[in-house]
Amino acid sequence: MHERVESIITKAVTDIIRKEFEEEARPGSVVLQKTREEFEGDFTLVVFPFVKLSKKSPEQTAEIIGKKLLENIEVVKSYNVIKGFLNISLYTQYWLDFLSAAISDDGYGFSEECEAKPVVVEFSSPNTNKPLHLGHIRNNLLGYSIAKILEASGKKVYKVNLVNDRGIHICKSMVAWKLFGNGITPEKSGKKGDKLVGDYYVKFENELKEQANKLMIEKFMSEEDARKVSPLMQQAQTMLVKWENKDADTLAIWSLMNGWVYEGFDETYKRLGVSFDKIYKESETYLHGKSIVEEGVEKGVFYKKDDGSIWVDLQDEGLDEKLLLRADGTSVYITQDIGTADIRYKEAQPAEMIYVVGNEQNYHFNVLKKVLKKLNKPYADNIFHLSYGMVELPQGKMKSREGTVVDADDLMDEMHKTAKEITEILGKTSDFSDDEKEKLYETIGLGALKYFILKVDPKKNMMFNPVESIDFNGNTGPFIQYTHARICSILRKAGENRLRSIFLRIAPDKANEKEIKLLKLIYSFPAVLKEAAEEYSPALIANYVYELCKDFNQFYHDYSVLNETDIAISDFRLLLSKLTAQTVKNSMSLLGIEVPERM
RNA sequence: GGUUCCGUAGCUCAGCUGGAUAGAGCAACAGCCUUCUAAGCUGUGGGUCCCAGGUUCGAAUCCUGGCGGAAUCACCA
């Protein structure tokens with residue numbers, strides 16, 4: 001692919017300023033933007049930043065730069081100046097050449113892998129005591145999409161999952177299952193493993209509440225104290241110590257129950273369409289974390305309190321003192337994160353370690369980075385917390401106590417069902433086989449869900465209203481999928497033979513405005529991808545592909561591809577449609593969304 | 001209380017590395033299917049970009065201070 005015209009123009013402008021005004025433009029001050037619809041032109045240069053250098057009026061400055069660009073750059077056809085804005089037009093042939101070049105490239109917009117050092121993207125990170133819910137869905141979709149985006153922009157990416165498979169919360173469901181489960185299993189109960197274990201976690205919390213209430217009334221204790229001394233909590237704590245001491249019975253129950261959960265998770269992940277290159281388990285990394293913490297004590301960067309607990313003092317960094325290891329020697333959350341980071345770095349020597357974790361843990365990652373820095377770890381600065389916003393429901397945050405948690409599996413079922421209903425009403429799939437229908441409903445339902453979540457800026461909290469949030473019209477996944485299916489329909493009707501033998505021979509003045517607009521938008525895809533990778537934002541891709549589809553649908557409405565009698569124009573439109581479909585498909589693949597060929 | 005993030009149309013969101021008259025979708029209303037898929041297209045109405053200052057040729061965008069909301073400041077993860 002030839003050099004992007006924007007960078008050619010940008011460089012030329014810098015040269016012109018140097019030659020004509022004998023001044024150096026500040027780096028980054030020469031910025032080309034798309035010309036707004038209302039004006040004539042392809043790119044616009046804002047010249048206000050250069051009037052101090054030129055010592056001329058904005059109009060004169062723009063004139064001088066425009067004139068020189070026209071003289072020096074072959075593909076520049078004309079320019080016009082409005083106030084301080086220099087609008088530059090290229091020859092239509094430039095866009096047609098671009099179409100010829102891009103059409104043969106199935107992976108249009110994607111870069112070849114070119115960077116030596118990999119990037120590790122951690123996402124999902126579930127606990128093995130509860131099933132996945134809507135919050136995890138946002139996490140998984142973001143993580144997977146960002147991995148795809150980074151890959152498409154030339155990075156080697158390792159997708160990793162860190163499963164939180166140990167700790168007091170895990171012991172809670174184990175205790176409850178042992179006490180109240182009567183040896184029930186997923187097979188016997190007919191439940192998914194993660195759901196079954198989740199039930200016993202809830203059971204524990206309910207029973208604990210009852211015990212605590214009783215203690216509060218009988219012994220006038222505070223709720224906090226009552227929970228702490230209740231028999232159930234004591235059992236959970238004992239179990240944790242046993243677990244860390246590798247008690248055989250405890251480990252047996254633990255691996256049994258975790259095994260059930262993994263089976264359940266695998267099902268959910270598979271359906272969501274996410275996957276990992278490696279799964280880390282906290283149970284396998286926390287010991288390494290412990291040893292690093294002890295190493296820190298020896299080095300004198302951490303300190304031991306009288307009770308034996310280990311702390312780090314981050315007060316000089318504007319933070320607090322932070323516990324790293326409990327007095328009984330058991331580890332806390334951050335202990336394993338220290339270990340995991342170290343293991344990960346040693347294994348892959350990554351240039352960057354990205355953690356896709358909710359913004360509720362901003363403080364935690366701040367601490368983690370500072371702790372690693374105190375330890376002089378080389379990767380302390382390579383850690384990037386991709387902090388995303390919470391998913392809120394109309395009634396506020398999801399709360400398991402109030403039963404407002406939106407279960408991931410249930411939600412996907414719901415989406416499938418809605419897709420089915422709408423598709424049946426529209427009645428375009430009568431000749432589909434049952435398998436094809438089911439596949440289609442799943443594609444559309446999940447497409448709607450994924451797009452809905454990914455189109456929002458990751459950093460922002462988002463609202464999810466289960467009854468009305470997911471639409472199938474307008475700025476939605478199905479709209480984009482539909483556009484793709486529409487194009488495929490044209491390509492099918494054109495036929496393999498014609499598509500194979502086609503070539504671009506349209507005269508530049510025969511291409512209309514909508515077509516060129518579409519072509520320009522497709523041209524900007526690589527730039528959008530680059531920005532999405534830099535910003536870690538699938539939302540940019542989502543908004544881009546929506547705009548692309550909207551423009552295509554306008555074109556589709558106004559002009560006919562196959563009924564056009566001028567064969568050169570028809571061929572051009574066919575190629576344009578094909579490239580649009582390719583770009584839509586590629587964009588959607590970055591979001592982990594499939595696009596059907598018929599719907 | 002400290003820290004961080006957020007506040008744009010009735011609702012959900014774009015736009016935010018300062019640039020021309022602030023955009024979409026949904027919802028409401030009015031149109032468009034003998035022609036490539038109407039999950040589409042076109043139009044109408046809808047805004048003190050939370051408020052007040054400041055910087056600038058130019059501010060939704062940057063700075064300061066308010067107001068409102070969220071998260072966090074655990075020997076939970």
Side-chain angles (χ1 to χ4, degrees), chain A residues 28 31 33 35-36 38-39 44 46-49 51-52 58 82-85 87 125 127 129 164 167-170 282 305 307 309-311 318-320 322-328 330-334 336-337 358-364 366-367 387 389-390 392 396-397 419 422-423 425-426 428 444 448 452 455-457 459-465 468-469 471-483 485-494 531 534-535 539-540 542-543 546-547 549-550 552-564 570 573-574 577 598-599:
Chain A
V31 181
Q33 43 196 252
T35 302
R36 293 181 61 129
E38 318 86 87
F39 304 99
T44 295
V46 183
V47 299
F48 290 109
V51 296
K52 277 194 188 119
I82 299 169
K83 293 195 269 180
F85 299 90
N87 301 318
S125 321
N127 297 347
N129 63 339
N164 195 297
I168 190 73
H169 53 300
I170 308 298
E282 189 188 315
K305 286 197 176 171
D307 65 357
S309 56
I310 295 175
W311 296 72
L319 302 178
D320 255 325
K322 195 75 190 166
L323 177 87
L324 298 177
L325 219 49
R326 293 191 189 100
D328 64 4
T330 57
S331 64
V332 290
Y333 182 50
I334 198 163
Q336 62 77 28
D337 258 333
N359 61 15
E360 56 198 350
Q361 294 194 32
N362 287 354
Y363 181 78
H364 170 76
N366 225 334
V367 171
S387 161
M390 300 289 95
E392 281 157 23
K397 248 191 119 175
I422 292 176
T423 307
I425 289 168
L426 292 172
K428 297 180 191 173
I444 295 172
F452 182 85
K455 77 173 177 186
V456 180
D457 182 342
K459 284 178 298 206
K460 291 192 176 172
N461 287 358
M462 65 178 291
M463 175 61 69
F464 185 88
N465 185 336
E468 58 189 42
S469 265
D471 224 306
F472 286 69
N473 300 314
N475 187 359
T476 66
F479 167 82
I480 293 158
Q481 291 171 321
Y482 173 73
T483 307
R486 245 184 171 181
I487 301 175
C488 288
S489 173
I490 298 176
L491 300 180
R492 264 196 311 276
K493 289 208 162 94
E531 203 188 342
E534 280 164 6
E535 303 281 319
L540 297 176
N543 288 310
Y546 170 63
E547 206 187 327
C549 287
K550 232 169 56 134
F552 180 83
N553 280 317
Q554 285 174 17
F555 156 75
Y556 179 93
H557 178 265
D558 292 355
Y559 305 99
S560 182
V561 177
L562 299 175
N563 298 325
E564 170 57 51
S570 179
R573 288 183 184 159
L574 203 48
S577 302
R598 292 185 56 196
M599 68 185 273

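Note that these values count all heavy atoms, side chains included, but never hydrogens, waters or copies made by symmetry. The chains referred to below are lettered A, B, ... by the order of the sequence lines, with proteins before strands, and numbering in each begins at 1.
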Any donor-acceptor pair under 3.5 Å linking the side chain of [X] with the backbone of [Y]?
{"X": "A/Ser309", "Y": "A/Lys305", "result": "no"}
{"X": "A/Asn461", "Y": "A/Met390", "result": "yes"}
{"X": "A/Arg573", "Y": "A/Ser560", "result": "yes"}

Indicate the atoms forming the closest heavy-atom contact of [X] with [Y], along with that distance.
{"X": "A/Asp471", "Y": "A/Thr476", "answer": "O-CG2, 3.4 Å"}
{"X": "A/Leu562", "Y": "A/Leu574", "answer": "CD2-CD1, 4.2 Å"}
{"X": "A/Ser387", "Y": "A/Gly358", "answer": "OG-C, 4.4 Å"}

Does [X] reach a base, just sugar-phosphate, or nothing at all? Heavy atoms under 4.0 Å.
{"X": "A/Lys493", "answer": "sugar-phosphate"}
{"X": "A/Tyr559", "answer": "base"}
{"X": "A/Ser387", "answer": "nothing"}
{"X": "A/Thr44", "answer": "base"}
{"X": "A/Ile444", "answer": "base"}
{"X": "A/Ile310", "answer": "nothing"}
{"X": "A/Val456", "answer": "sugar-phosphate"}
{"X": "A/Asp337", "answer": "nothing"}

Examine the side chains of [X] and [Y] and answer whether a donor and an acceptor come within less than 3.5 Å of each other.
{"X": "A/Gln361", "Y": "A/Tyr333", "answer": "yes"}
{"X": "A/Ser125", "Y": "A/Asn164", "answer": "no"}
{"X": "A/Asn87", "Y": "A/Thr44", "answer": "yes"}

Return the value, rounded to whole Å, for the distance between atom [atom1] of [X] and atom [atom2] of [N].
{"X": "A/Glu547", "N": "B/rG15", "atom1": "CD", "atom2": "P", "value": "12 Å"}
{"X": "A/Lys459", "N": "B/rC13", "atom1": "NZ", "atom2": "P", "value": "15 Å"}
{"X": "A/Ile487", "N": "B/rG40", "atom1": "CD1", "atom2": "C1'", "value": "13 Å"}
{"X": "A/Asp457", "N": "B/rU17", "atom1": "CG", "atom2": "P", "value": "13 Å"}
{"X": "A/Phe39", "N": "B/rG19", "atom1": "CZ", "atom2": "P", "value": "15 Å"}
{"X": "A/Gln481", "N": "B/rA38", "atom1": "CD", "atom2": "P", "value": "17 Å"}
{"X": "A/Lys83", "N": "B/rU21", "atom1": "NZ", "atom2": "C1'", "value": "9 Å"}
{"X": "A/Ile82", "N": "B/rU21", "atom1": "CD1", "atom2": "C1'", "value": "13 Å"}

Mind checking the [atom1] distance from [N] to [M]? Whole angstroms is fine.
{"N": "B/rC50", "M": "B/rU56", "atom1": "C1'", "result": "23 Å"}
{"N": "B/rU72", "M": "B/rA77", "atom1": "C1'", "result": "14 Å"}
{"N": "B/rG65", "M": "B/rG25", "atom1": "C1'", "result": "36 Å"}
{"N": "B/rC11", "M": "B/rA28", "atom1": "P", "result": "16 Å"}
{"N": "B/rG54", "M": "B/rG18", "atom1": "C1'", "result": "15 Å"}
{"N": "B/rA70", "M": "B/rG15", "atom1": "P", "result": "24 Å"}
{"N": "B/rC76", "M": "B/rA9", "atom1": "C1'", "result": "42 Å"}
{"N": "B/rG46", "M": "B/rG19", "atom1": "P", "result": "26 Å"}

task = May I ask you to evaluate whether A/Lys460 reaches the phosphate of B/rG7, defined as a side-chain N or O under 4.0 Å from OP1 or OP2?
result =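 Checking B/rG7 against A/Lys460, a side-chain N or O does come within under 4.0 Å of OP1 or OP2.
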task = Taking only the side-chain nitrogens and oxygens of A/Arg492, find out if one of them lies under 4.0 Å from OP1 or OP2 of B/rU37.
result =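 False: A/Arg492 side-chain N/O out of range (4.0 Å or more) of B/rU37 OP1/OP2.
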Do [Y] and [X] have ring centroids that are under 6.0 Å from one another?
{"X": "A/Phe552", "Y": "A/Phe555", "value": "yes"}
{"X": "A/Phe479", "Y": "A/Tyr546", "value": "yes"}
{"X": "A/Phe464", "Y": "A/Phe452", "value": "yes"}

Which nucleotide, in any strand shown, forms a Watson-Crick or G-U wobble pair with [N], with both distances under 3.5 Å?
{"N": "B/rA28", "answer": "B/rU44"}
{"N": "B/rU17", "answer": "none"}
{"N": "B/rA70", "answer": "B/rU4"}
{"N": "B/rA52", "answer": "B/rU64"}
{"N": "B/rU34", "answer": "none"}

ask   = Between A/Tyr482 and B/rG40, do the rings stack, that is, sit under 5.5 Å apart with planes less than 30° off each other?
value = no
A/Phe48 ring over B/rG19 six-membered base ring, under 5.5 Å and 30° = yes
ask   = RNA chain B: A/Phe464 or A/Val561, which has the more 5' nearest nucleotide?
value = A/Phe464
For B/rC33, glycosidic torsion class - syn if within 90° of 0, otherwise anti = syn
key: Protein proximity profile, nucleotides 67-77 of chain B - base contact B, sugar-phosphate-only contact S, no contact -, cut-off 4.0 Å on heavy atoms   = ---SSSS-BSB
request  = Quick one: list whatever passes side chain to side chain contact (heavy atoms under 4.5 Å, CB included) with A/Asn543, sequence neighbours left out.
outcome  = A/Asn475, A/Ala539
Using atom names, set out every protein N or O paired with an N or O of nucleotides 23-26 of chain B below 3.5 Å, distance rounded to 0.1 Å.
residue	atom	partner	partner atom	Å
B/rG23	OP1	A/Arg36	NH2	3.4
B/rA24	O2'	A/Tyr546	OH	3.0
B/rG25	O2'	A/Asn475	N	3.3

